[in-house]
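Everything on this sheet refers to the single structure shown next.
Order of the sequence lines sets the chain letters (A, B, ...), proteins ahead of strands, with each chain counted from 1. Just so it is clear, the values below take in all heavy atoms, side chains as well, and ignore hydrogens, waters and symmetry mates.
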Amino acid sequence: MAKKRVVTTTINGDTHEFLCQPRQTLLETLRDVLGLTGTKEGCSNGNCGACTVHLNGRPVDSCLVLGVEVEGAEIRTIEGVACGSHLDEVQEAFLEGAALQCGICTPGFIMQTESLLDENPNPTEDEIRFYLAGNLCRCTGYDKIVRSVQCAAEKRQTANVGDH
Amino acid sequence: MRPFEYARPQTEAEAVELLSDHDGKTAVLAGGTDIMNLLRRDAIQPRRLVDIKHISSMQGIRQADGGVLVGSLVTLEDAAESPLLAEHRSVLQVAHAHKAIQIQQAGTLAGDLCQLPHCWYFRNGYGLLGMENGLSMAEAGDNRYHAIFGNRGPAKFVSGSRFAPAMIAWGAKVRVVGPEGEEFIPLEYFFATPKTDRQNVTVLRPGQLVTHVWLPSRTADIVSGAYEVLELNGLDRPQAAAAVTLKMQSGIVRDARIVMGHVAPTPWVAQEAANALIGQSVNEDTASRVGDIAVAGATPLSMNGFKVQMARAAVKRSLLRAVGQLDEALV
């Protein structure tokens, strides 16, 4: 019972093979087995969204997923957002807009925002607030976060126009 | 979390076999939005977790037998976006009431129907009935979120399902497979009130699982509505809820189904209230009166008398919402 299993998965574009017990969550696996400690543990019951990562392109609370469930899946974590030392638009906007204080919720907010902007590059304030409803921040009062998301959306659109 | 085995079947038959082992001390894993918390707190202790997410027959929404067949792996988000469910308004209203995208896109409709109670005595390891020394902890303790109907037996918790009231009002059935084959069970008879900790909150037997939910199609004369009373600064679950499906003819109700949620150990069909609505039009007055009838038999516990008013309001507002008379700006 409860033998360790080998799990093969793609994390931030790289193939990883690791051992984990069925009872370990994806969050524990990322942090404790793979050393990817950018993903944070908040409530550990699916309320706060601090541990949000992308699983096959969709945002999930990694505390509600088992490590063994991600066999064959594609995962993107906060470590896969920046390109080397080059921050992406969302990270830059959060820094410039002071959208964080203690920072525990920030990786989750950034992953959720990445997902929002992939789906909807130009969201309204209402759409932003609804999309981020599963992410809790106890420091900022959300306004700075919402403004930073708006700013990130603008930055990304400008960058995309520049590309063409 | 305690140790358990993990299995990933590819077919319904494999899942049934895997679930039947260990004397049925097994559990189904789909979206994981609730079971992970139950496991973490030792509220349930399965020896094997059967991950059904890779069973292709349980995916997707399609038309079947004069209705819509919703696979057990269909998420709240899939349901909310499906054109096939666009006219089942009450179901969509409940889907949209789940605010977190992370939960909407992981949680499944069938998982919601099979959800275990959110009773804090159960969740903290005192068993399904929350007993200590043979006494109900909810009866003597903090029972503000517990049942106001059907609570004379040992079960004081409320059914955890948010979709069941709307789906029962629609006349839904669940397709269940198990060691003895498949069966279709009307959702109204799917739920059970346990009398001992060894019994369950549904009629599912060891080895059985829900593979699909079937909802009848909407015809032009049918309207539906759901209303959940949520706590503003509290738990992200309704305190009381109601859903209605009405058959209308020239503004008059010809047939009605009213089902309350989060008020009893099972979804609670308000038959007398529904009967009282037949032959009437729906307006503030009739909706209020029907709300009164729906809660007339309530037997609140020591701390949850306030839920009677919430249930009454939920019935009234779900009726008004069904006929487009609820001021949505106020809710």
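Taking 4.5 Å as the limit, every side-chain heavy atom of A/Arg23 sits out of range of all side-chain heavy atoms of B/Arg2. Contact annotation: the side chain of B/Ile35 never approaches that of A/Leu64 to less than 4.5 Å [non-hydrogen atoms, C-beta and beyond]. Residues B/Glu5 and A/Pro22 have side chains not in contact (no heavy-atom distance under 4.5 Å, counting atoms from C-beta outward). When side chains are defined from C-beta on, B/Ile101 counts as touching A/Arg58, because their heavy atoms get closer than 4.5 Å.
A/Val60 touches chain B through backbone and side chain together, each having a heavy atom under 4.5 Å away. For B/Gln104, no part lies near chain A; criterion is any non-hydrogen pair under 4.5 Å. Contacts of B/Met36 with chain A are made by side-chain atoms alone, with heavy-atom separations under 4.5 Å and no backbone atom involved. No part of A/Gln24 comes within reach of chain B, as not one of its non-hydrogen atoms sits under 4.5 angstrom from that chain. The contact between B/Leu29 and chain A is made entirely by side chain atoms (from C-beta outward), counting heavy-atom distances below 4.5 Å. For A/Ser44, the parts lying near chain B are the backbone and the side chain together; criterion is any non-hydrogen pair under 4.5 Å.
Between chain A and the options B/Glu77, B/Arg8, B/Lys99, the largest number of non-hydrogen pairs under 4.5 Å is found for B/Arg8.
By the 6.0 Å contact criterion, CZ on A/Phe130 is open, its count of non-hydrogen atoms from other residues, nucleotides or ligands being 12 or less. Counting non-hydrogen atoms of other residues, nucleotides and ligands closer than 6.0 Å to CD of B/Gln45 gives a total above 12. Around the CG atom of A/Asp14, the shell of radius 6.0 Å holds more than 12 heavy atoms that belong to other residues, nucleotides or ligands. Counting non-hydrogen atoms of other residues, nucleotides and ligands closer than 6.0 Å to OH of B/Tyr126 gives a total of 12 or fewer. For CD of B/Glu17, the number of neighbouring non-hydrogen atoms (other residues, nucleotides, ligands) closer than 6.0 Å is 12 at most. For B/Arg89, the CZ atom counts as loosely surrounded, since its 6.0 Å shell holds 12 or fewer non-hydrogen atoms of other residues, nucleotides or ligands.
Using a distance-only test at 3.5 Å, with no hydrogens or angles considered, a donor-acceptor pair links the side chain of A/Arg5 to the main chain of B/Tyr6. Panel note: side chain B/Arg40, backbone A/Cys63; a donor-acceptor pair is recorded below 3.5 Å. Side-chain atoms of A/Asn45 do not come within 3.5 Å of backbone N or O of B/Asn37 as any donor-acceptor pair.
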Just do the salt bridge (charged side-chain N to carboxylate O under 4.0 Å, His left out) check on B/Lys53 and A/Glu69 with the steps written out, would you?
CA-CA 9 Å; B/Lys53 279 193 295 295; A/Glu69 278 181 79; 2.4 Å; yes

**OP:** Determine, stepwise, if the pair A/Leu66 / B/Leu49 fulfils side chain to side chain contact (heavy atoms under 4.5 Å, CB included).
**Re:** CA-CA 11 Å; A/Leu66 292 172; B/Leu49 209 53; 3.6 Å; yes

task: I would like to know whether B/Asp51 and A/Val68 meet side chain to side chain contact (heavy atoms under 4.5 Å, CB included); could you show each step before the answer?
output: CA-CA 10 Å; B/Asp51 182 356; A/Val68 289; over 6 Å; no

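Contact detail for A/Gly134 and B/Ala100: the closest heavy-atom pair is CA-CB, 3.4 Å.
How far CG of A/Leu132 is from CD of B/Gln102: 8.5 Å, rounded to the nearest 0.5 Å.
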